[in-house]
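Values reported hereafter were calculated over all heavy atoms of this structure, with side chains retained and with hydrogens, waters and symmetry mates removed.
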Amino acid sequence: MAKASQVVLMENEFYIIKAPNGKVLEVKNFNPENGAGIQLWSYAGHPWQQWQFVDAGEGRWRIQNRFTGKMIDLAMGGVVEGTWLHQWSRTSGLSQCWALEPTRNGRTRIRNVLADKYIDLVGMNTSNGAQAQIWNFVSGGNQEWELVRIDPDVAQTSARAEEKPDAQTTPSQRKHQNDLVRKLNNAGKGRAARK
């Protein structure tokens, strides 16, 4: 267990990274590939919206997605203002290392160690689909995040609810949901086989 800002991060627990408007950072289109973007979206209990903070030593953290197992990283290793965030397999590079800094209002700023810039949103956009980027320090809520631990029991209930097709979903949406459930099941089988 380690204290980061006002949050006590628990080992092997998952968190949402929530903006002041209640939306969260997620992997865009739940894409498992390297290079998938990190965006803002309404929280719906999905594993691609949940993150684990992995201790990288010296007060640094890697931020690993629950669904993909990949880390929040800087696109193309960029360090300038406006560099987009994406996910990438774990590396030893500092582009995947983040420092958590408290704010006066109880939220957290997340600073990239390599670039010395903060997780921010392109154009201060707070709507679904807003791309995450890094930017120099500015005062304001677009760089302030709340780290909220996911209750494992609630997460499991949400996952089971997702598996039931809604009567209002189209056939293509149901196929998409079924593909997702298969991916989740296969990911779980792979982890179990490795233990």
Side-chain angles (χ1 to χ4, degrees), residues 4-7 9 14-54 56 59-91 93-150 176 180:
S5 305
Q6 292 85 355
V7 176
L9 296 175
F14 293 91
Y15 297 80
I16 56 172
I17 303 172
K18 186 165 75 167
N21 68 355
K23 295 183 179 177
V24 301
L25 292 182
E26 69 167 18
V27 175
K28 186 176 183 177
N29 297 326
F30 51 89
N31 183 344
E33 301 299 320
N34 282 337
I38 305 299
Q39 68 180 8
L40 195 68
W41 203 268
S42 299
Y43 184 63
H46 300 302
W48 52 89
Q49 298 178 316
Q50 300 170 7
W51 305 90
Q52 185 175 33
F53 288 79
V54 180
R60 301 168 177 170
W61 302 90
R62 286 187 174 82
I63 306 173
Q64 183 175 28
N65 187 263
R66 182 176 203 160
F67 180 66
T68 67
K70 294 189 165 71
M71 309 294 170
I72 294 181
D73 197 354
L74 301 176
M76 306 296 289
V79 295
V80 299
E81 286 184 331
T83 298
W84 284 16
L85 299 184
H86 68 179
Q87 70 173 359
W88 204 265
S89 298
R90 184 175 175 157
T91 70
L94 292 178
S95 65
Q96 292 184 351
C97 291
W98 304 87
L100 306 178
E101 301 174 358
T103 65
R104 279 187 245 154
N105 62 15
R107 294 192 183 106
T108 302
R109 289 180 181 273
I110 306 172
R111 180 176 53 84
N112 183 266
V113 173
L114 178 66
D116 196 29
K117 292 177 178 62
Y118 295 85
I119 294 182
D120 190 298
L121 299 167
V122 171
M124 295 188 292
N125 184 356
T126 58
S127 60
N128 281 343
Q131 174 65 44
Q133 66 178 2
I134 55 169
W135 201 264
N136 283 327
F137 178 93
V138 293
S139 58
N142 57 305
Q143 291 184 351
E144 296 178 358
W145 306 92
E146 187 179 352
L147 309 181
V148 181
R149 188 172 75 86
I150 301 300
H176 179 69
L180 175 60

Which atoms form the tightest heavy-atom contact between [X] and [Y], and what is the distance?
{"X": "Cys97", "Y": "Ala56", "answer": "SG-CB, 4.2 Å"}
{"X": "Leu121", "Y": "Ala132", "answer": "CD2-CA, 4.2 Å"}
{"X": "Arg62", "Y": "Thr91", "answer": "NH2-O, 3.1 Å"}

Would you mind reporting whether [Y] and [X] have side-chain heavy atoms less than 4.5 Å apart?
{"X": "Trp88", "Y": "Lys70", "value": "no"}
{"X": "Asn128", "Y": "Leu40", "value": "no"}
{"X": "His46", "Y": "Trp41", "value": "no"}
{"X": "Val27", "Y": "Ile38", "value": "yes"}

Q: Using the test side-chain contact (heavy atoms from CB on, under 4.5 Å), find all partners of Gln52 that sit at least two apart in sequence or belong to another chain.
A: Asn12, Phe14, Val54, Gln64

Q) What pairs with Glu144 under side-chain contact (heavy atoms from CB on, under 4.5 Å), at least two apart in sequence or on another chain? A) Thr103, Asn105, Arg107, Arg109

(Q) For Asn31, give me all partners under side chain to side chain donor-acceptor pair (under 3.5 Å), at least two apart in sequence or on another chain. (A) none

(Q) In terms of relative ring orientation, are Trp48 and Phe30 parallel, tilted or perpendicular, with 30° and 60° separating the classes? (A) tilted

Using only atom types and a distance under 3.5 Å, with no angle test, would you say the side chain of [X] pairs donor to acceptor with the backbone of [Y]?
{"X": "Trp51", "Y": "Leu25", "result": "yes"}
{"X": "Gln143", "Y": "Asn136", "result": "yes"}
{"X": "Lys117", "Y": "Val79", "result": "yes"}

Q.
Checking side chain to side chain donor-acceptor pair (under 3.5 Å) between Gln39 and each of Gln131, Lys23, Lys28, Glu26, which is the one that passes?
A. Glu26

Q: Assert yes or no for the condition that the ring centre distance of His86 to Trp84 is strictly below 6.0 Å.
A: no

